[in-house]
Amino acid sequence: MKISDHGKLFIFFLFIPIVVFPVLFGALNQEFLKRSAPVAEKGTLDLSAWNFAEDGIIELGGEWEFYWGQLLSPDDFKDATPPALTGFVNVLFNWVGKLDETKLTGMGSGTYRLLVKNMPSEKVLAIKKSNIRMSSVIFVNGKKIIQDGRPALLENEYLFSNIPRLGFFEQRSPDMEILVQVSNYDYIYGGIVAPLILGETQDILELSNRSSMVELIIVGSIFTIGWICFLSYFFLFRYKKNKIFMSMAVVCFSHALTNSMYGERTLLFLFPHIPFDDAYKLLQLARMITGMSLVLFLNQLDKTFIPKRMYQMLLGMYALFAAVLLVPPLKVYAYLCVPIGITELVIYIGIFIRAVYTYSKAKEDEQERTKFGFLLCALGVLSLYVVNLAFFSFGLVEDMFLGFICSLIFALMLMVYLAVQLTELYVKNKEISLKLALQEKETIEKEYAFLRSQIKPHFLYNALNTIISYCYSDSHKAGELLRSFSNYLRGSFDFEHSNGLISIEREMMMVYGYVDIQKARFGGKVEIIFDIAPELLQCQIPALSVQPLVENAIRHGIIQKEAKGTVRIKISRESGRIMIQVTDDGIGIPEQQRMEILNNEKEGTGKKTLGGVGLYNVQKRLKHTFGSVLKIESTEGTGTKVYFEIDESKALGNSR
């Protein structure tokens with residue numbers, strides 16, 4: 001895959017979106033905080049110094065009150081005896097380990113509570129919930145504004161769901177209470193993974209729309225690139241047994257599907273009726289398919305990149321992961337997701353290290369360095385994506401924004417690779433076309449050299465003997481025959497155009513010369529009738545396309561019968577087409593032989609049986625030059641008509 005200077009320039013400009021898009025999407029996804037936002041301390045957040053109109057939205061971070069093993073409602077905090085507080089936790093708190101003296105397990109239920117002081121009153125505000133595992137209900141000032149799934153203390157009463165949602169409420173006093181019930185019985189831990197966001201309704205809606213748009217563009221871009229790869233395989237590489245582009249397409253499709261279930265959950269936004277548990281399984285399955293198809297792609301790109309045993313082991317491992325996901329209950333997979341995630345991370349990093357090693361070894365091979373240079377960049381950003389995914393899954397980062405940017409860059413890298421491959425394919429096809437054109441020119445030259453060689457020596461001998469005999473009896477006639485013989489030879493040997501086309505006028509000069517000699521040889525046995533439209537004389541036709549028809553009519557039609565015979569040569573215009581006909585009233589052609597000539601079942605039949613240069617060569621050149629074919633109508637004992645048609649516009653175009 002050696003790239004030309006134009007190709008390198010094209011790739012340079014193609015890399016611009018890789019730099020511009022992440023910056024643009026990063027700007028779109030910012031929450032535009034004008035300054036550092038206050039954080040909650042000991043379950044209380046003071047917003048006296050915060051102005052929503054000027055400062056924008058705020059993340060409700062910091063320490064919240066936490067009540068483990070309890071799903072509390074606002075009424076529970078109105079009693080004289082408040083619920084027992086487990087402790088204060090950061091909103092990104094994972095349910096594993098100890099909180100003060102209380103031991104927390106990965107699965108269970110709990111309630112978060114935050115008191116917000118000095119809120120703007122008489123305003124309609126909104127809260128955005130992004131990621132709470134794995135079911136939640138949010139109360140604001142005693143009213144439920146968001147429910148996602150169904151939290152419950154008992155697992156059989158619980159319903160899991162984790163979809164970003166918005167809640168709206170009217171703030172009438174300077175104080176606000178936020179209560180969040182959370183239950184989890186399906187993941188390794190539960191809790192608020194990403195902080196809630198509070199702000200004016202318009203700002204929250206704009207943020208949500210921006211985030212959805214960014215993710216939709218990224219997912220759509222990856223899917224589109226996959227579709228281009230699929231079409232490239234189906235229309236360009238399917239019959240070449242090149243499955244690289246099909247593997248690329250599967251990688252993009254499954255990777256797009258994976259990204260559609262993180263962040264704003266684009267898949268559920270587009271298809272809201274899909275149950276969340278089915279969508280979650282689909283997400284994990286898409287991850288497995290992405291890894292498997294990536295391994296297949298690398299193996300098809302270079303059989304030595306992944307050793308055979310390792311290649312088989314990786315495919316088997318991903319197949320096992322998929323089976324673990326699909327066959328047992330989802331809760332079983334929750335316990336295995338940590339080792340599976342770590343294994344997947346090791347695989348991707350290992351593949352990236354292998355790409356670095358392969359690239360460093362290909363120092364002298366420009367083609368290999370180019371190929372593995374693209375691969376190295378693509379696998380590098382994909383490894384970053386997997387690292388971000390692992391951190392997000394283990395609660396170490398709030399969101400998958402870096403992963404989305406890496407996904408976009410990865411897809412753009414695949415697009416660059418695809419563009420280079422298609423460019424190289426175009427260049428190769430162009431080179432092949434040029435070679436074919438040169439070969440075609442050489443073939444035409446060889447074809448006409450062959451046609452010249454087909455002029456029968458015995459015809460030359462007979463023509464010369466006829467002229468010599470007239471020299472003794474009629475010198476004037478001998479001179480005319482010698483002129484005709486000269487015209488015939490000139491037409492047979494002198495082709496000025498490399499494409500083998502001559503005017504009808506020049507072709508007919510050769511026919512006149514041939515006919516004059518044959519009439520002199522056979523006396524009154526042969527009669528020739530010419531019916532040629534004068535306005536067509538400058539139209540172009542393949543050289544030696546009429547003379548062989550006349551020769552065959554005389555030698556195999558007229559001479560073979562005892563009585564006198566007539567050959568009629570007619571060239572006319574019919575409905576925008578030039579019709580060239582040679583008709584004789586000779587012995588005719590048997591039906592079987594006629595079909596063999598038309599179908600070219602035996603290449604030698606037309607040459608040997610019909611004599612001269614043969615109808616086979618005439619048909620071959622007509623078909624190649626004008627897409628026309630010879631047609632033969634014949635009845636044994638009655639005669640034969642051989643004719644063909646040429647589009648007048650093509651004949652006139654070639655004459656200019």
(message) Does Asp100 form a side-chain hydrogen bond (donor to acceptor under 3.5 Å, both in side chains) with Thr102? I'd like the steps, not just the answer.
(response) CA-CA 6 Å; Asp100 294 339; Thr102 304; over 6 Å; no

(message) Before you tell me yes or no, could you show the steps for Thr343 and Met317 under side chain to side chain contact (heavy atoms under 4.5 Å, CB included), namely the whole-Å CA-CA distance, both residues' side-chain angles and the distance that decides it to 0.1 Å?
(response) CA-CA 10 Å; Thr343 304; Met317 190 177 300; 3.5 Å; yes

(request) Go through the steps for Phe276 and Arg265 under the test side chain to side chain contact (heavy atoms under 4.5 Å, CB included), then give the verdict. (result) CA-CA 10 Å; Phe276 185 81; Arg265 308 286 198 269; 3.9 Å; yes

(request) Start with the C-alpha distance between Thr290 and Ser254, add both sets of side-chain angles, then the distance that settles side-chain hydrogen bond (donor to acceptor under 3.5 Å, both in side chains), and finish with yes or no. (result) CA-CA 5 Å; Thr290 301; Ser254 55; 2.8 Å; yes

(request) Go through Val116 and Leu47 one step at a time and tell me if the side chain to side chain contact (heavy atoms under 4.5 Å, CB included) criterion holds. (result) CA-CA 7 Å; Val116 184; Leu47 293 183; 3.6 Å; yes

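Judged as a side-chain contact (heavy atoms from CB on, under 4.5 Å), and not counting sequence neighbours, the contacts of Ala152 are Glu157, Tyr158. By the ring-ring contact (aromatic ring centres under 6.0 Å, His included) test, Phe321 pairs with no residue at all, sequence neighbours left out. For the ring-ring contact (aromatic ring centres under 6.0 Å, His included) test, residues two or more places apart in sequence or in another chain that qualify with Phe305 are Phe372.
At least one donor-acceptor pair under 3.5 Å links the side chain of Ser260 to the backbone N or O of Leu257. A donor-acceptor contact shorter than 3.5 Å is absent between the side chain of Asp278 and the backbone of Ile274. Using modelled atom types, no side-chain atom of Asn131 and backbone atom of Ala194 make a donor-acceptor pair closer than 3.5 Å. Judged purely by atom type and a 3.5 angstrom limit, Glu200 has no side-chain atom pairing as donor or acceptor with the backbone of Ala126. Under the 3.5 Å distance criterion, the side-chain polar atoms of Ser211 are matched with a main-chain donor or acceptor of Leu207. Remark: side-chain polar atoms of Asn184 are not paired, donor with acceptor, to backbone N or O of Gly191 under 3.5 angstrom. With hydrogens and angles disregarded, a donor-acceptor distance shorter than 3.5 Å links the side chain of Gln147 to the backbone of Gly149. In terms of modelled atom types and a separation under 3.5 Å, the side chain of Ser136 and the main chain of Val182 share no donor-acceptor contact. Counting only distance, with no hydrogens or angles, the side chain of Tyr185 and the backbone of Leu153 share a donor-acceptor pair below 3.5 Å.
In this pair, Trp64 and Tyr112 present their aromatic rings perpendicular. The plane angle is above 60°, beyond the 30 to 60° band. Using bins of under 30°, 30° to 60° and over 60° for the plane-to-plane angle, the ring pair Phe230/Phe234 lands in the parallel bin. Between Trp227 and Phe253, the ring planes are tilted. Angles from 30° to 60° get that label. Taking the six-membered ring where the residue is Trp, Trp50 and Phe52 present perpendicular rings, their angle passing 60° and hence far from 30°. Using bins of under 30°, 30° to 60° and over 60° for the plane-to-plane angle, the ring pair Tyr385/His255 lands in the perpendicular bin.
Across Tyr189, Tyr187, Trp68, a single residue satisfies ring-ring contact (aromatic ring centres under 6.0 Å, His included) together with Trp95, and that is Trp68.
The number of heavy-atom neighbours closer than 6.0 Å to CZ of Phe168, taken from other residues, nucleotides and ligands shown, is above 12. Counting heavy-atom neighbours within 6.0 Å of Met310 CE, excluding the residue itself, gives a total of 12 or less. By the 6.0 Å contact criterion, CZ on Phe88 is enclosed, its count of non-hydrogen atoms from other residues, nucleotides or ligands being greater than 12.
Legend: salt bridge (Lys or Arg N to Asp or Glu O under 4.0 Å) pairs involving residues 125-141, not counting sequence neighbours, sorted by first then second residue: Lys128-Glu264, Lys129-Asp148. Among residues at least two apart or in separate chains, there is no ring pair (Phe, Tyr, Trp, His ring centres under 6.0 Å) pair with a member in residues 134-154. Annotation: salt bridge (Lys or Arg N to Asp or Glu O under 4.0 Å) contacts involving residues 305-329, sequence neighbours excluded, are absent.
The CG atom of Leu71 lies 12.0 Å from the CZ atom of Arg150; values are rounded to the nearest 0.5 Å. For the atom pair OH (Tyr311) and CG (Leu298), the distance works out to 10.0 Å, reported to the nearest 0.5 Å. For the atom pair SG of Cys406 and CD1 of Ile218, the computed distance is 10.0 Å after rounding to the nearest 0.5 Å. To the nearest 0.5 angstrom, Ile146 atom CD1 is 8.5 Å from Arg165 atom CZ. Between the OG atom of Ser232 and the CZ atom of Phe245 there is a distance of 5.5 Å, given to the nearest 0.5 Å. Once rounded to the nearest 0.5 Å, the distance linking OG1 of Thr201 with CG of Leu166 reads 9.5 Å.
Side-chain contact annotation: Gln70 with Thr111, donor-acceptor N/O pair under 3.5 Å absent. No side-chain donor-acceptor contact under 3.5 Å links Asn141 and Glu170. Side-chain contact of Ser183 with Ser109: a donor-acceptor pair under 3.5 Å is present, judged by distance alone.
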